[in-house]
Structures are given as C-alpha cells and as structure tokens.
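Quick note: residue numbers are just sequence positions, from 1.
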Amino acid sequence: MIRCVLYDFDGPITTCDTTRLLVRVLAQRRPHRLAFASPSIVQMHLRRGSAQQAAKNRTIGTLLAGQTVSEAKEAARRFATFVRPLFRLDLLKSIAAWRGQGTLVLVVTATAEFAVREAMAKEQVEVIGTRFCVEGDRFTGKLDGDGCYGERKRALIAEWVSRAAEPVRFIESWSDS
C-alpha cells in the first residue's frame, strides 16, 4: 500500500500565485514572444476562474513555443530561484515529516508541471501539473491534454492512481480550493 499526501502548489505551498513569475522568466528569455502573448496576458488580469486559467496556459504556451526542452529547464531553474523564497516553511516541514515517515507526497497543480517539478526538486515529491506538448526537442506551445485545473485535477489524480504499482491510500490533502 502506498501512503500518499496531496498538496496544491500555489496557495498552500507558496504564499501567492506563481504564474506571473513563470511568465516573467519566460518573457525575459524570449522578449520577442511578448507581442504574441500580450492578448492572453491582458486576459490573465481581467478574467477569473477557468477563463483566467485558460489565459495563463495560453500565455505560457505562447512564450514556450519553439523553446527546446533544455532551454525550458533553464527557465524552470530561474523560476525556482524566484519561487523558493515564497514557500511556506511550515508546509515544507510538513512535507519533510511525511517523507521521513515513508509517505509519498504528491503535488497537484494548475501551474506548468516542468516548472513546479524543478521548484520542488529538493523536496523529492511527485508532481502532476499542466503539461505542454513537445515535438522532437521543442515545445509546440499547445497544452498536452486539458491542463490540471478544477475538476480536471481529480481525473489526473485518478489516472496517476491507476498507474501506481500498489493500491494508494490518501491520508491528507492541502489545497486552497
């Protein structure tokens, strides 16, 4: 039996929504893509709920389009340096305590999976997040699936459970929604 604890990333682990930090890092690497991303950046600020999340994903996808996997990994490293100071220390202690007991920690987030995986690397957790398509060695800018937001999170957790080598027992979860 796999004992598992779930955490959401933005809100519970971090003190704020980190999407803007990821957008900033991606835009600094490829400022010429900002012109293409501008409409969705405006929508990120004007919309709420699923429409806002769709705008965030379009923005990130537009800024990622054409980047190699290694370029995106470097952007994720920069993202991690900006995000780590925003971590709630009590939650990091909680994650470490669960890991110390042999419990698997699963972070499920609407934020781009490649970026959160890098930001959470020191904590040795599993990450399920919004994925972007890669063809060859380059990001296409399109979502891989429907993203990881709202009800879709439950479906992605169920998919993860179905692939687990053993039955999964969820012990606790931390979320802001």
Side-chain angles (χ1 to χ4, degrees), residues 1-23 26 40 43-64 72 76 79-80 83-84 86-88 90-134 139-177:
M1 169 93 39
I2 299 171
R3 294 170 33 96
C4 183
V5 176
L6 297 172
Y7 287 85
D8 191 359
F9 184 68
D10 287 325
I13 293 176
T14 67
T15 58
C16 63
D17 182 350
T18 61
T19 303
R20 288 183 179 105
L21 294 172
L22 181 56
V23 167
L26 292 171
S40 52
Q43 290 177 358
M44 272 177 46
H45 296 283
L46 297 178
R47 309 263 188 217
R48 294 290 169 252
S50 59
Q52 182 183 49
Q53 189 59 47
K56 289 176 180 182
N57 292 339
R58 278 192 308 278
T59 301
I60 292 167
T62 300
L63 295 171
L64 269 177
F79 169 76
V83 168
R84 288 198 65 80
L86 302 175
F87 283 1
R88 296 179 196 273
D90 55 337
L91 270 278
L92 291 183
K93 288 177 186 174
S94 170
I95 289 169
W98 283 116
R99 294 266 311 122
Q101 296 173 22
T103 302
L104 186 136
V105 175
L106 180 63
V107 175
V108 184
T109 179
T111 306
E113 187 177 278
F114 77 95
V116 174
R117 184 171 279 124
E118 188 66 32
M120 296 296 298
K122 292 178 184 175
E123 282 65 42
Q124 300 176 334
V125 300
E126 297 275 332
V127 177
I128 298 173
T130 298
R131 294 185 199 130
F132 292 86
C133 291
V134 176
F139 281 90
T140 66
K142 296 180 180 169
L143 282 179
D144 181 0
D146 295 325
C148 186
Y149 175 78
E151 289 297 315
R152 184 75 181 126
K153 282 185 178 183
R154 284 188 1 187
L156 291 171
I157 293 167
E159 276 179 37
W160 178 85
V161 167
S162 74
R163 292 189 309 270
E166 301 175 43
V168 177
R169 179 172 173 236
F170 293 103
I171 299 166
E172 191 171 283
S173 66
W174 294 74
S175 180
D176 61 347
S177 65

Ignoring hydrogens and geometry, is there a side-chain-to-backbone donor-acceptor pair from R117 to V127 under 3.5 Å?
yes
Heavy-atom side-chain contact between F170 and I157 under 4.5 Å:
yes
So V107 and D8, do their side chains get closer than 4.5 Å, heavy atoms only?
no
Could you state the interatomic distance from CD1 (I2) to OG1 (T103), rounded to the nearest 0.5 Å?
11.0 Å
Among residues at least two apart in sequence or on other chains, which ones pass side-chain contact (heavy atoms from CB on, under 4.5 Å) with A55?
Q43, M44, R58
Can you tell me how the ring of F9 sits relative to the ring of F87, calling it parallel under 30°, perpendicular over 60° and tilted otherwise?
perpendicular
4.5 Å side-chain heavy-atom contact, I171 and W98:
yes
Under the side-chain contact (heavy atoms from CB on, under 4.5 Å) criterion, do C16 and L86 qualify, and how do the steps go?
CA-CA 7 Å; C16 63; L86 302 175; 3.7 Å; yes
Going from CD on E172 to OG on S94, what distance comes out if it is rounded to the nearest 0.5 angstrom?
6.0 Å
Could you check if a side-chain atom of R47 sits within less than 4.5 angstrom of a side-chain atom of K56, using non-hydrogen atoms only?
no
With a 3.5 Å distance limit and no angle check, can you tell me whether R84 reaches the backbone of A119 through a side-chain donor-acceptor pair?
yes
Is the number of heavy atoms from other residues, nucleotides or ligands within 6.0 Å of CZ (R48) greater than 12?
yes
Contact between I95 and I13 at the side-chain level, heavy atoms closer than 4.5 Å - yes or no?
yes
Rounded distance (nearest 0.5 Å) linking atom CD of Q52 with atom OG of S40:
12.0 Å
What are the two closest non-hydrogen atoms of V168 and M1, and how far apart are they?
C-SD, 4.1 Å
Student check: side-chain heavy atoms of V108 and L156 closer than 4.5 Å:
no
Measuring from I128:CD1 to L106:CG, what's the distance to the nearest 0.5 Å?
4.5 Å
Pair N57-Y149, side-chain contact (heavy atoms from CB on, under 4.5 Å): steps then yes or no
CA-CA 10 Å; N57 292 339; Y149 175 78; 6.0 Å; no
Correct closest heavy-atom pair for F139 and A72 would be CE1-CB, 3.3 Å
Between L143 and F132, does a side-chain contact (heavy atoms from CB on, under 4.5 Å) hold up when you go through it step by step?
CA-CA 4 Å; L143 282 179; F132 292 86; 3.6 Å; yes
So, does R88 use its side chain to make a donor-acceptor pair with the main chain of G11 at under 3.5 Å?
yes
More than 12 heavy atoms of other residues, nucleotides or ligands under 6.0 Å from CH2 of W160: yes or no?
yes
Which pair of non-hydrogen atoms, one from L91 and one from P12, has the smallest distance, and what is that distance?
CG-O, 3.4 Å
Mind running side-chain contact (heavy atoms from CB on, under 4.5 Å) on T130 and T111 for me, showing each step along the way?
CA-CA 6 Å; T130 298; T111 306; over 6 Å; no
Nearest-0.5 Å distance that lies between atom CE in M120 and atom CD in E113
13.0 Å
